[in-house]
**Student:** 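Sharing a structure here in structure tokens format.
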Amino acid sequence: MELQPEMHRWDVTPTEAVALQRQLKERVVLHPPAGLRVERIAGADVSTEKGNDTGFGGIVVLDAATLTPVAQAGSAVTLGFPYVPGLLSFRELPVVAVAWERLTVKPDVLIFDGHGIAHPRRLGIASHGGLLFGIPSIGCGKSLLVGTHGKLGEARGATSPITHKGEVVGMAVRTRKAVQPVYVSPGHLMDLPTAVELVLRASPKYREPETTRQAHRLVNALRRADGEAAELE
DNA sequence: GCGACAG
DNA sequence: ATCTTGTCGC
């Protein structure tokens, strides 16, 4: 099951988007493919501008062992959906999808800046993106959308389960000593233990995974380059 | 009805 | 997310 460009249309209303999420969540698989080998791990991100409706997307693929970039792709797409908490994927995935199509070297796992199943309807951008691209995916957010968790130790590697409506939907993970944790949840073709392990492995030095940091760097560079080109008109 | 609310 | 300067701490 590869990319599914026609999974559904993107020009929908918020009400239709919610209905699509309820339907799509049934397809999410919460365990990794048998014998998954993570040699390449990637990060996806989108950057937007204040007085503009253009979204700059990007994906950076890293060697999982060295966390060195091996491939990348960017995109600039007009945003067709507003930011609505719980419907982030309808705003950002169309942008990420263009970058994904341009990516010549595909990763084994894709980490999104946002949540997976730690979502009101269990279909955050990581789960939706994993389904769309047919790839194992992980959600790694900087703040919670839903759920609560207990206190966690100060050491790097400390964790505490995120619970929502009686279900464990993710894990608060301390990637740096005495620094606010990140919130990890499975996207698609992924389970929580593996997601936590991969995020920790990808975050040896900073709070956020190197995948997310590199993708963030790429999309911001694209946005600034576009802004400077516009000034010379 | 009120508060919360990824990026 | 973006708009913005300086500032506290390792």
Side-chain angles (χ1 to χ4, degrees), chain A residues 10 14-15 17-18 21 24-25 28 43-59 74-97 99 110-132 137-149 154-156 162-165 169-188 195 199 205-209 211-228 230:
Chain A
W10 292 104
T15 299
V18 168
Q21 291 181 324
L24 292 172
K25 77 165 190 179
V28 173
D45 194 21
V46 172
S47 176
T48 61
E49 214 156 30
K50 189 152 196 176
N52 201 355
D53 59 343
T54 301
F56 298 87
I59 298 176
S75 65
V77 176
T78 298
L79 298 168
F81 200 92
Y83 169 68
V84 178
L87 300 179
L88 178 66
S89 61
F90 288 86
R91 178 176 176 77
E92 297 195 345
L93 275 187
V95 188
V96 176
L110 183 55
I111 300 180
F112 283 83
D113 198 352
H115 298 104
I117 64 170
H119 177 278
R121 291 167 294 281
R122 306 290 180 264
L123 197 87
I125 188 169
S127 299
H128 197 163
L131 276 174
L132 183 66
S137 61
I138 296 170
C140 182
K142 299 178 291 297
S143 62
L144 283 176
L145 174 58
V146 296
T148 58
H149 67 80
E154 291 290 278
R156 164 184 152 79
I162 299 168
T163 300
H164 180 235
K165 297 193 170 188
V169 295
M171 193 80 85
V173 180
R174 186 99 65 192
T175 52
R176 284 196 67 174
K177 179 183 178 183
V179 168
Q180 279 296 108
V182 291
Y183 306 97
V184 180
S185 60
H188 177 51
V199 165
K205 190 174 165 101
Y206 300 100
R207 182 197 179 204
E208 297 191 76
T211 45
T212 300
R213 300 185 72 246
Q214 294 300 322
H216 206 275
R217 243 177 63 163
L218 171 60
V219 298
N220 278 318
L222 290 175
R223 179 168 58 79
R224 287 163 189 157
D226 184 84
E228 290 180 19

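This is a predicted model, so every value here is computed, not measured. Within every chain, numbering begins at 1; the chains are lettered A, B, ... in the order of the sequence lines, protein sequences first and strands thereafter.
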**Student:** For a quick test of reading the model: is some side-chain N or O of A:Arg91 closer than 4.0 Å to OP1 or OP2 of B:dA6?
**Tutor:**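 Indeed not, no polar side-chain atom of A:Arg91 lies that close.
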**Student:** Do A:Thr212 and A:Asp113 pass the side-chain hydrogen bond (donor to acceptor under 3.5 Å, both in side chains) test, and can you show the C-alpha distance, the side-chain angles, and the key distance before you say yes or no?
**Tutor:** CA-CA 7 Å; A:Thr212 300; A:Asp113 198 352; 5.5 Å; no
**Student:** Would you say C:dT2 has OP1 or OP2 under 4.0 Å from some side-chain N or O of A:Asn52?
**Tutor:**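 No, no such contact exists.
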**Student:** Does a side-chain N or O of A:His216 approach OP1 or OP2 of C:dA1 to a distance below 4.0 Å, or not?
**Tutor:**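 Yes, within the criterion.
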**Student:** When the distance from CE of A:Met171 to P of B:dA6 is rounded to whole Å, what number comes out?
**Tutor:**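 To the nearest whole Å, that distance equals 22 Å.
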**Student:** Are any of A:Tyr183's side-chain N or O atoms less than 4.0 Å away from OP1 or OP2 of B:dA6?
**Tutor:**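 So the side-chain polar atoms of A:Tyr183 never come under 4.0 Å of the phosphate oxygens OP1 or OP2 of B:dA6.
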**Student:** Is any side-chain N or O of A:Ser143 closer than 4.0 Å to OP1 or OP2 of B:dC5?
**Tutor:**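 So the side chain of A:Ser143 is outside the cut-off, no N or O lying under 4.0 Å from OP1 or OP2 of B:dC5.
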**Student:** Is there a side-chain contact between A:Thr48 and the phosphate of B:dG7, meaning an N or O under 4.0 Å from OP1 or OP2?
**Tutor:**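 Checking B:dG7 against A:Thr48, no side-chain N or O comes under 4.0 Å of OP1 or OP2.
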**Student:** Under a 3.5 Å distance rule, please check whether A:His115 uses its side chain to pair with a backbone N or O of A:Ser143 as donor and acceptor.
**Tutor:**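 Judged by distance alone, yes, a pair lies under 3.5 Å.
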**Student:** Any stacking of A:Tyr83 on B:dG7, going by centres under 5.5 angstrom and planes within less than 30 degrees?
**Tutor:**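 Answer is yes, a stack.
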**Student:** Of the nucleotides C:dC3, B:dG7, B:dA6, which one has an atom closest to the side chain of A:Pro85?
**Tutor:**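 Selected nucleotide: B:dA6.
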**Student:** Contact class for A:Gly141 (heavy atom, under 4.0 Å): base, sugar-phosphate, or nothing?
**Tutor:**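 If one applies the 4.0 Å heavy-atom cut-off, A:Gly141 turns out to touch the sugar-phosphate alone, with no base involved.
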**Student:** Looking at C:dT4, I'd like to know if its phosphate oxygens (OP1 or OP2) sit under 4.0 Å from a side-chain N or O belonging to A:Lys50.
**Tutor:**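 So the side chain of A:Lys50 is outside the cut-off, no N or O lying under 4.0 Å from OP1 or OP2 of C:dT4.
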**Student:** Base, sugar-phosphate, or nothing: which does A:Gly139 touch, judged by heavy atoms less than 4.0 Å apart?
**Tutor:**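 Here A:Gly139 touches no strand at all.
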**Student:** If I take atom CG in residue A:Leu218 and atom P in nucleotide C:dA1, what distance separates them, rounded to the nearest angstrom?
**Tutor:**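 It works out to 15 Å between those atoms.
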**Student:** Under 3.5 Å, side chain of A:His119 to main-chain N/O of A:Gly86, donor-acceptor pair present?
**Tutor:**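 Looks like yes, one N/O pair under 3.5 Å.
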**Student:** If you look at every strand shown and take non-hydrogen atoms under 4.0 Å, does A:Leu144 touch a base, only sugar-phosphate, or nothing?
**Tutor:**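 Contact class for A:Leu144: sugar-phosphate only.
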**Student:** Starting at CG of A:Leu87 and ending at C1' of B:dC5, how long is that distance when rounded to a whole Å?
**Tutor:**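 The distance from CG of A:Leu87 to C1' of B:dC5 comes to 11 Å, rounded to the nearest Å.
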**Student:** Rounded to whole angstrom units, what separation is found between the CZ atom of A:Phe56 and the P atom of C:dA1?
**Tutor:**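 Rounded to whole Å, this separation is 16 Å.
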**Student:** Figure out the CG/P separation between A:Asp53 and B:dG7, and round it to whole Å.
**Tutor:**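 Going from CG in A:Asp53 over to P in B:dG7 covers 22 Å.
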**Student:** Look at the rings of A:Phe90 and A:Phe81 and say which category their plane angle falls in: under 30° parallel, 30 to 60° tilted, over 60° perpendicular.
**Tutor:**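 Tilted: the ring planes of A:Phe90 and A:Phe81 meet at 30° to 60°.
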**Student:** Rounded off to whole Å, could you give me the CD-to-P distance for the A:Gln180 and B:dA6 pair?
**Tutor:**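 Going from A:Gln180 (CD) to B:dA6 (P), I get 15 Å.
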**Student:** Within this structure, what is the CZ-to-C1' distance between A:Arg121 and B:dC5, rounded to whole angstrom?
**Tutor:**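 Taking CZ of A:Arg121 and C1' of B:dC5, I get 12 Å after rounding.
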**Student:** Count the heavy atoms belonging to other residues, nucleotides or ligands that lie under 6.0 Å from CZ of A:Arg121, then report whether that count exceeds 12.
**Tutor:**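 Counting other residues, nucleotides and ligands, CZ of A:Arg121 exceeds 12 neighbours.
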**Student:** Check the distance between B:dA6's P and A:His164's NE2 and give it to me in whole angstrom.
**Tutor:**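 In whole Å, B:dA6 P and A:His164 NE2 are 13 Å from each other.
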